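Encoded as structure tokens, the structure appears first; notes follow it.
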Amino acid sequence: MTLPLCHLSGNWNRVRLDFSRRFTGRYPWSPLMELHNPAVPPYAKDVDKALVAMKDLGRKARAAGAVAAAIPCNTMHLDKDEFEQATGVEMLDMIAACREKILKRSKEEGRTLRVGITGTRQTMNSYLYHFEGKECVRVVPSEEVQKEIHQIIMDNIKVVPPYFSRRLAEALRRFIEEQEGNLDLIVLGCTDLPSLLYRSEKGGAGEMKNDDHVNEIDGVELVDPIESLLDLCGDRSEERRVG
């Protein structure tokens, strides 16, 4: 049995291009249905209108034969159940996959990890990256830094090329300082954020590879949930290949 996979995106052009490039780099043999609607309001700005538009994309994808969707948007995972019920398309759970990676690391290292969560204010103040056991402690920035990170996301919605944002790097450093350096990981819980942390010496032009992303700030590892979503896509792509 084959499981047609689709990639759905709204008004997050930089993320759409970043995900497509990385998917093709990992799975060059795998087909991917891609539907994009640049008129969708950003989830960081209007969750309700964005969900209506994304459900419309999901229905179109289902009509075209898609069974599962890769949607590289952390905040939209707040509406995962509603999206699936409205469209009949499974939404690959990027958040759960990312959490599982972090929990696995905690168990392998045999210690509690302090995990910083960044992203839109909706994501930072939601249940999405909560950890129920003792393996991980969830930490969010101060109100002031939360506002700054959210505004950075909003200010860069129309910027398509990836680049190194010194403003974002400084906000992350402030978060680390607030915790007196006592953070093991920071989850970049908005898929815009990794594409705002490309290595500055690379610039925004020319060929870029997966390792072009900055993966640490002041010694604190940065976690990119898109990598977890790509892992899930690989599982489905392998099923298609075998099927």
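No hydrogens, no waters, no symmetry mates; every other heavy atom, side chains included, goes into these values. Keep in mind that what you see is a predicted model, and the values were worked out from it rather than measured.
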Are the side chains of S142 and F175 in contact, using a 4.5 Å heavy-atom criterion? no
Thinking salt bridges, do R174 and E178 make one under a 4.0 Å N-O criterion? no
So do the side chains of C6 and L35 get within less than 4.5 Å of each other, counting heavy atoms only? no
Would you say S126 and T123 are linked by a side-chain donor-acceptor pair, where the criterion is simply a distance under 3.5 Å? no
Indicate yes or no: does E227 engage R22 in a salt bridge with an N to O separation below 4.0 Å. yes
Give a yes or no on whether the backbone of E180 and the side-chain of E177 come within a donor-acceptor separation of less than 3.5 Å. no
Please report the C-alpha distance between C233 and L92 in whole Å, then the side-chain angles of each, then the deciding distance to 0.1 Å, and finally whether the side-chain contact (heavy atoms from CB on, under 4.5 Å) criterion is met. CA-CA 8 Å; C233 290; L92 300 183; 4.1 Å; yes
Would you say K49 has more than 12 foreign heavy atoms packed within less than 6.0 Å of its NZ? no
R59 and A86 have their tightest heavy-atom pair at NE-O, 3.5 Å
Pairwise side-chain contact, E221 with N215, heavy-atom cut-off 4.5 Å (strictly under): no
Hey, mind stepping through Y129 and V115 against side-chain contact (heavy atoms from CB on, under 4.5 Å) and telling me if it holds? CA-CA 9 Å; Y129 282 103; V115 183; over 6 Å; no
Are D155 and R167 close enough for a salt bridge, meaning some N to O gap below 4.0 Å? yes
Side-chain contact test, heavy atoms from C-beta onward, threshold under 4.5 Å: evaluate it for N156 versus L196 and give yes or no. yes
Residues E132, R99: salt bridge by 4.0 Å N-O rule: no
Side chain proximity check, L8 to E34, heavy atoms < 4.5 angstrom: no
Has the side chain of S106 got a donor or acceptor atom that lies under 3.5 Å from a matching backbone atom of R111? yes
Please determine whether residues I157 and I149 belong to a single hydrophobic cluster, defined as Ile, Leu, Val, Met, Phe, Trp and Tyr linked transitively by side-chain heavy-atom distances below 4.5 Å. no
What heavy-atom pair brings V40 and A50 nearest, and what distance separates the two atoms? CG1-CA, 3.8 Å
For L230 versus Y27, what's the shortest heavy-atom pair and its separation? O-OH, 2.6 Å
With a 3.5 Å cut-off and no angle check, do the side chains of T112 and E135 form a donor-acceptor pair? no
Check the pair E84, K80 against salt bridge (Lys or Arg N to Asp or Glu O under 4.0 Å), reporting the backbone distance first and the verdict last. CA-CA 6 Å; E84 292 178 335; K80 179 177 182 295; 2.8 Å; yes
Taking a hydrophobic cluster as the set of Ile, Leu, Val, Met, Phe, Trp and Tyr residues connected by side-chain heavy atoms closer than 4.5 Å, whether directly or through intermediates, do F164 and V220 fall within one such cluster? yes
Taken to the nearest 0.5 Å, the spacing of L168 CG from D192 CG works out to 10.0 Å
If two hydrophobic side chains count as joined below 4.5 Å and joins carry through other members, does L32 share a cluster with V89? yes
Would you indicate whether the side-chain heavy atoms of I117 and V139 approach each other to under 4.5 Å? no
Go through the steps for T118 and L172 under the test side-chain contact (heavy atoms from CB on, under 4.5 Å), then give the verdict. CA-CA 9 Å; T118 61; L172 295 176; 3.9 Å; yes
Would you give the length of the straight line joining atom CG of L229 to atom CE of M91, rounded to the nearest 0.5 angstrom? 8.5 Å
Looking at V160, is its backbone amide N or carbonyl O close enough to the side chain of N13 to form a donor-acceptor pair, meaning the two atoms are under 3.5 Å apart? no
Using the rule that two of Ile, Leu, Val, Met, Phe, Trp, Tyr join whenever any of their side-chain heavy atoms come within less than 4.5 Å, decide whether V223 and Y127 are in one cluster. yes
Side chain to side chain contact (heavy atoms under 4.5 Å, CB included) partners for N182, two or more places apart: R114
Measuring only between side-chain heavy atoms, which start at C-beta, is E170 closer than 4.5 Å to E148? no
Is there a donor-acceptor pair closer than 3.5 Å between any side-chain N or O of T191 and the backbone N or O of P72? yes
Test side-chain contact (heavy atoms from CB on, under 4.5 Å) on H7 and F19 and set out the steps. CA-CA 9 Å; H7 166 208; F19 179 85; 3.5 Å; yes
Pairing donors with acceptors under 3.5 angstrom, does anything connect the side chains of S9 and H36? yes
Using distance alone, with no hydrogens and no angle criterion, decide if Q122 and T75 have a side-chain donor and acceptor under 3.5 Å apart. no
Nearest 0.5 Å please: distance from the CG atom of L103 over to the NZ atom of K107. 6.0 Å
Which atom pair, heavy atoms only, marks the closest approach of M124 to G119? CE-O, 3.0 Å
Do I217 and Y163 share a hydrophobic cluster (ILVMFWY, side-chain heavy atoms under 4.5 Å, transitive)? yes
Flag for S195-R14: side-chain donor and acceptor within less than 3.5 Å: yes
NZ/NE/NH1/NH2 to OD/OE distance under 4.0 Å, K55 and D79: no
How close do L113 and R105 get, heavy atom to heavy atom, and via which atoms? CD1-CG, 4.0 Å
Shortest non-hydrogen pair, P225 vs L188, comes out as CD-O, 3.3 Å
If you round to the nearest 0.5 Å, how far is CG of L185 from CD of E216? 12.5 Å
For M94, does its backbone N or O pair with a side-chain atom of H77 as donor and acceptor, under 3.5 Å? yes
Passes salt bridge (Lys or Arg N to Asp or Glu O under 4.0 Å), E100 versus K104? Steps please. CA-CA 6 Å; E100 283 302 311; K104 181 180 179 182; over 6 Å; no
Hey, what do you get for CG (L193) to CG (N74), rounding to the nearest 0.5 Å? 8.5 Å
Measuring only between side-chain heavy atoms, which start at C-beta, is D224 closer than 4.5 Å to V187? no
CE of M54 to CD1 of I71: how many Å apart, nearest 0.5 Å? 4.5 Å
